[in-house]
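Remarks on the structure that follows.
We count residues from 1, following the sequence as given. Because only heavy atoms are used, hydrogens play no part in the values below, and waters and symmetry mates are left out as well, while side chains stay in.
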Amino acid sequence: MKQYELIEKRQIEELRTDMVVYRHRKSGARILTMQNEDVNKVFSIAFRTPAADSTGVAHITEHSVLCGSEKFPLKDPFVELAKGSLNTFLNAMTYPDKTVYPIASTNDKDFDNLMDVYMDAVLHPNCIKNEWTFRQEGWHYELDAPDGELRYNGVVYNEMRGAFSNPESVLERYILHALYPDNTYANESGGDPEVIPTLSYQDFCAFHARYYHPSNSYIILYGNMDMEKKLAWLDEAYLSAYDAINPDSEIPRQEAFTEMHEEEMVYPIGEHEALNNRTYLSYNLSVKDDLDPKLCMAFDVLDYALISGPGAPLRQAILDAGIGEDVFGGYEDGILQPYFTVTVKNAEASDKERFIKTIRDTLARLVKDGLDQKTLLAAINRDEFQYREADYGRTPKGLVYALTAMDAWLYDGKPWTHLECEHIYKELRDGVSKGYFESLMEKYLLNNTHAALVTLKPEQGLTEKRDLELKERLHQYKESLSAAEISKLVRDTHEMKEYQETPTPEEELRKLPLLTREDIRKEADQINYTVNELYGSKVLFTELDSRGIAYLRFNFNTSGLTEEELPYAGLLKTVFGYMDTKNHTYQDLSSDVLLHTGGIQFDANAYPDLNHYNYYTGIFSVDIKLLYPEIPYGLKIIDEILHTTKFSDRKRMKEILNEARSRERMRIEGSGHTYAVNRSTSYFSGTARYQDLTGGIAYYRFIVDAVESFDKDPEGFTEKLSEVAEKIVSIDNLFVSIGAEKTGYEAFSREFAAFRDCFRRNDREGSLMREILNLPKVSGAKEQDPQIELSGNRNEGFRTPSQINYVARTGWYDPAKHPYTGALKVLKNILNFEYLWSNLRVKGGAYGCMAGFGRSGEAYFVSYRDPNLRETLKVYEKLPEYLADFRCSDRDMTKYVIGAISELDTPKTNYTQALLSVSAFLSGVTNEMLQQEREEVLTATVEDIRKLAPYAAEALATGAGCTIGGAAMVDAAKDCFYTIEDLFQ
């Protein structure tokens, strides 16, 4: 094609992909095509966006350009697409040095529509002509009345207040600042809440003008499509309108330090939390650049061998030295100058010299004596298994490949640099016995002066202190204003709200391309499995095109456990595989597993019985994925872990408990919305109560208590854990599920008899496996003996040292009176991208909002990184009124339907399909139910949505709520809760 200069071609055999790099002659745009047979097509346009300061201009631009464009002038086309396209991925991401706009779809027409909207959004956005968008998405003053309180608001502003409430996020930001003080990585591309309000609209517009030009773009097309046709369209529709420029966006390298730099910062903890043993110490070393694929892959291996793997020697040496309670870190790439980090949590600031000495002494010893070769080979095998399987969950693998290509392409390297891996795996294996990894450690970790030590110390009441300082600063600013200036702020506030509440005119909405219901297939995805009897055990088989990989799951019914014992089952998820067994140390066990398999995972989940409310099946599961010839090994090692784990190792058990306490708190701080929903639902749902006890707030509190009590009675604790394990791991409680080809199932069948014989039969009274295997009646909270007692408290406020909230309301609608219908899927789409989005995100400034309705009658509404609390609860309460009077055009209704179908039709990996079979089997979901749901989605009308008002009213009448939020905000809304308490002690 004459409009493009062909730069280079590359065939990637291992990915079955042909890659071609082009340069658009007129505009200077870079284009990469990745041709293959994948029907889940991906388009991405990225820009190199180095941050010159911490105003978050790159992040605010990312949000703002998706709020209307020249060709699609509606206020929020991104949301309209989320409502009404068949996308399998739709988002945008800001990184420290780039901004990426990816979409994916399996529907050709939908894919073309999404490409058009995204190209127009980034190149011709309305935000550079409409300041309201910048103010809404970035930051603005709010003043409701002349005598009112002046405050900041804005989606990105509140998002980053939430991020900066998380100590790990704060630490990551200052690691980059300490290592790279003279280039873009010294700044916070997402925006520092203290600095965001200094960004002017003029500087925002100048940023877009400079960096959002085709000459600074990286366009990727991936999948099964006519690439020439797509390139011709890009040229004709967009690129030909531009002349090439020099955007001057190169990222300079930080010059190496001659000695270690140090930075010391503080982070907030609760006013009642202890200060001792709460410091983070982080030692960091810059590692060359991101253009050496072998070096990058080798450091991924060293990450596991030194830090991440169970019993990794560097991690273990720090713990053995008594420095802190949790060690994490490893290799961080995706930027021009990657780095290796070692972080210890819950230490003392006075430990920093000993911390550095322990690291360096351990590294010197390992360089001299050599790393464990088995561990290195295991790490290489783990990475190669993941590479070949290419299972990235709900994320399209084409997007993963596109982002991986950017890791070199952005810095003027070849886009396939980190995608051609097979030959490197071989080279790494060859290097294990030749001292290759030890030489890397010596060069980059021992003899490297480009290092930084970051100390992050706790400060009680820091959040409240900062809030008061901000309040006073805004008060003083308001006092400095004239009456006319104050009146303008009030007027601007009202005009902002009016702008947010004004709907997009219908004629503008119609400019956005939309599929029709006729474009959507009528048949639902089927769940296909068979239940066989094998040597006295039930085996659920899902036939898959798995390319020689078997997905095995061993499911143990936990109905014999008491409520007191369920948290021990939650702990077993972490203990199994991380302690010595009869034949292995836990370090050797992990290496052995990864040398032979794709990994073993342990989990605990509850599956509702859809025919009997609050009946459910609690399952402790063991998942392993492996190639068919390794099935005998897999069964043998699972038997060894389940039956010969040595719980009596006090030192190791204490390490596991300390780490579990640390990691659970990190999860709550990062995903408070999930914990709030689960906790709130646990007040009325046995299924949710089970999840709360095995992995929610109740479980976190169990771990906190266990850490404190273990030293007093280690034998008692160990005996109880062992007793719970014995009750779970019984052949009477077991059924097996396998996803594989028929040859894989046959290979498993030949080995299963010997595996089954390894189990000691458990004839304990109360084993209810017979009920599981004869659905529909399943062991549940109300009938199970001993039973789970549901909490009487239906509304809790949990105080945290945060600047934002996670606000949840949950409830139950009776499926007997209000049968489940596919229209609830459509309603979820309406709430997530219309009612809740408009009220909580657009007007309220929350970063996210979510809703959902389950087949068992459970419903939830929750906000994410929300600056409000009371106002959010009011929005939930008004939902039935909104639904009773729900109105929308036929076109909008079609949009909501298509968006609901998009969620149903997201491509599923082999592992996901295997898990869905288990869930369907245990819950009683049939293909007839799935087909009925799809038909109800496809035929949903406005009247069908209005009929759901009683569903929402009944759910809200349950009165269940839970907020995890900033202490001052929770206290200020104390009348909204039955109880208020500190979540973290």
Side-chain angles (χ1 to χ4, degrees), residues 1-7 20-33 41-49 57-58 61-78 80-81 92 98-103 109-131 133-134 202 204-222 225-250 402 406 409-410 507-508 510-513:
M1 300 178 67
K2 64 180 182 180
Q3 300 94 333
Y4 294 89
E5 176 188 0
L6 193 157
I7 305 298
V20 186
V21 180
Y22 298 93
R23 179 185 177 275
H24 187 257
R25 296 181 188 275
K26 187 170 187 294
S27 70
R30 304 168 185 83
I31 298 96
L32 170 67
T33 63
K41 298 172 288 295
V42 172
F43 163 81
S44 171
I45 180 168
F47 300 92
R48 193 156 54 191
T49 51
V57 61
T61 303
E62 175 229 304
H63 279 241
S64 300
V65 299
L66 293 173
C67 293
S69 66
E70 190 175 286
K71 188 174 180 181
F72 308 106
L74 51 163
K75 282 164 59 176
D76 206 338
F78 171 79
E80 296 302 316
L81 290 172
K98 61 181 175 287
T99 310
V100 185
Y101 297 86
I103 59 94
K109 183 177 176 182
D110 187 54
F111 183 76
D112 289 345
N113 292 345
L114 293 169
M115 275 206 322
D116 197 11
V117 173
Y118 262 48
M119 284 297 294
D120 203 60
V122 297
L123 295 178
H124 312 140
N126 284 344
C127 61
I128 59 174
K129 297 176 286 187
N130 179 0
E131 190 171 346
T133 299
F134 164 72
Q202 291 71 29
F204 165 81
C205 292
F207 182 89
H208 180 272
R210 177 176 178 181
Y211 293 119
Y212 278 63
H213 187 282
S215 294
N216 193 43
S217 70
Y218 300 79
I219 298 171
I220 297 178
L221 288 159
Y222 164 95
M225 68 185 87
D226 185 336
M227 292 297 180
E228 283 199 10
K229 185 177 178 181
K230 294 292 185 287
L231 291 174
W233 175 82
L234 280 170
D235 167 70
E236 181 180 342
Y238 291 100
L239 300 182
S240 62
Y242 292 84
D243 293 318
I245 64 169
N246 177 12
D248 190 23
S249 63
E250 286 77 14
M406 291 298 298
W409 201 24
L410 191 77
E507 61 269 21
E508 292 185 0
R510 289 186 174 276
K511 292 180 180 179
L512 193 72

Set of salt bridge (charged side-chain N to carboxylate O under 4.0 Å, His left out) partners for Glu62, sequence neighbours left out: none
Under the side-chain contact (heavy atoms from CB on, under 4.5 Å) test, residues paired with Glu508 that sit two or more places apart: Pro73, Thr504, Pro505
Reported CG-to-NZ distance for the pair Asp110 and Lys41, which is rounded to 0.5 angstrom: 9.0 Å
ring-ring contact (aromatic ring centres under 6.0 Å, His included) partners of Phe78, counting only residues at least two apart: none
Within-4.5 Å side-chain heavy-atom neighbours: Met225 and Leu221: yes
Passing option when Lys230 is tested against Thr33, Ile219, Asp112 for side-chain contact (heavy atoms from CB on, under 4.5 Å): Asp112
Any donor-acceptor N/O pair, Arg48 side chain to Pro247 backbone, under 3.5 Å: no
Nearest-0.5 Å distance, CG of residue Asn216 to CD of residue Glu250: 8.5 Å
Close side-chain approach of Tyr4 to Ile31, heavy-atom, < 4.5 Å: yes
Contacts of type salt bridge (charged side-chain N to carboxylate O under 4.0 Å, His left out), residue Lys511, not counting sequence neighbours: none
Whether Ser27 side chain and Ser240 backbone form a donor-acceptor pair below 3.5 Å: no
Minimal non-hydrogen separation, Tyr22 against Leu6, with atom names: CD2-CA, 4.0 Å
With Ser69 via side-chain hydrogen bond (donor to acceptor under 3.5 Å, both in side chains) - residues at least two apart: Asp120
Pairwise side-chain contact, Leu32 with Arg30, heavy-atom cut-off 4.5 Å (strictly under): no
Which atom of Pro102 lies closest to which atom of Ala92, heavy atoms considered: CD-CA, 4.1 Å
Minimum-distance pair of heavy atoms, taken over all atoms of Val122 and Tyr212: O-CD2, 3.4 Å
Minimum side-chain heavy-atom gap Tyr218-Val100 below 4.5 Å: no
Beyond-backbone contact of Leu512 with Leu74, side-chain heavy atoms, under 4.5 angstrom: yes
Heavy-atom closest pair, residues His24 and Leu239: CE1-CB, 3.5 Å
Residues which pass salt bridge (charged side-chain N to carboxylate O under 4.0 Å, His left out) with Glu131, listed by chain and number, not counting sequence neighbours: Arg135
For the student: nearest non-hydrogen atoms of Pro125 and His208, plus distance: CG-NE2, 3.3 Å
Residues which pass side-chain hydrogen bond (donor to acceptor under 3.5 Å, both in side chains) with Ser64, listed by chain and number, not counting sequence neighbours: none
side-chain contact (heavy atoms from CB on, under 4.5 Å) partner of Pro513, the single match among Leu81, Asp116, Val117: Val117
All pairs passing ring pair (Phe, Tyr, Trp, His ring centres under 6.0 Å) where residues 226-250 contributes a residue, at least two apart: His124-Tyr238, His213-Tyr242, Trp233-Tyr238
pair Phe43-Tyr222: side-chain heavy atoms closer than 4.5 Å: no
Heavy-atom check, side chain of Phe134 versus side chain of Cys127, under 4.5 Å: no
Rounded distance (nearest 0.5 Å) linking atom NE2 of His63 with atom OG1 of Thr133: 13.0 Å
Side chain proximity check, Cys67 to Asn126, heavy atoms < 4.5 angstrom: no
Sequence-distant partners of Arg23, salt bridge (charged side-chain N to carboxylate O under 4.0 Å, His left out), two or more places apart: none
Chi angles and distances behind the salt bridge (Lys or Arg N to Asp or Glu O under 4.0 Å) call for Asp235, Lys26: CA-CA 9 Å; Asp235 167 70; Lys26 187 170 187 294; over 6 Å; no
Residue pair Gly68 / Pro77: nearest heavy atoms and the distance that separates them: N-CD, 3.0 Å
ring-ring contact (aromatic ring centres under 6.0 Å, His included) involving Phe72 - partner list, sequence neighbours excluded: none
Separation between OH of Tyr118 and OH of Tyr101, rounded to the nearest 0.5 Å: 9.0 Å
CD/Glu228: more than 12 non-hydrogen atoms of other groups inside 6.0 Å: no
Salt bridge (charged side-chain N to carboxylate O under 4.0 Å, His left out) pairs, two or more places apart, involving residues 121-130: none
Spacing of Ile103 atom CD1 and Asn113 atom CG [to the nearest 0.5 Å]: 9.5 Å
Test side-chain hydrogen bond (donor to acceptor under 3.5 Å, both in side chains) applied to Thr49 - qualifying residues, sequence neighbours left out: Thr99
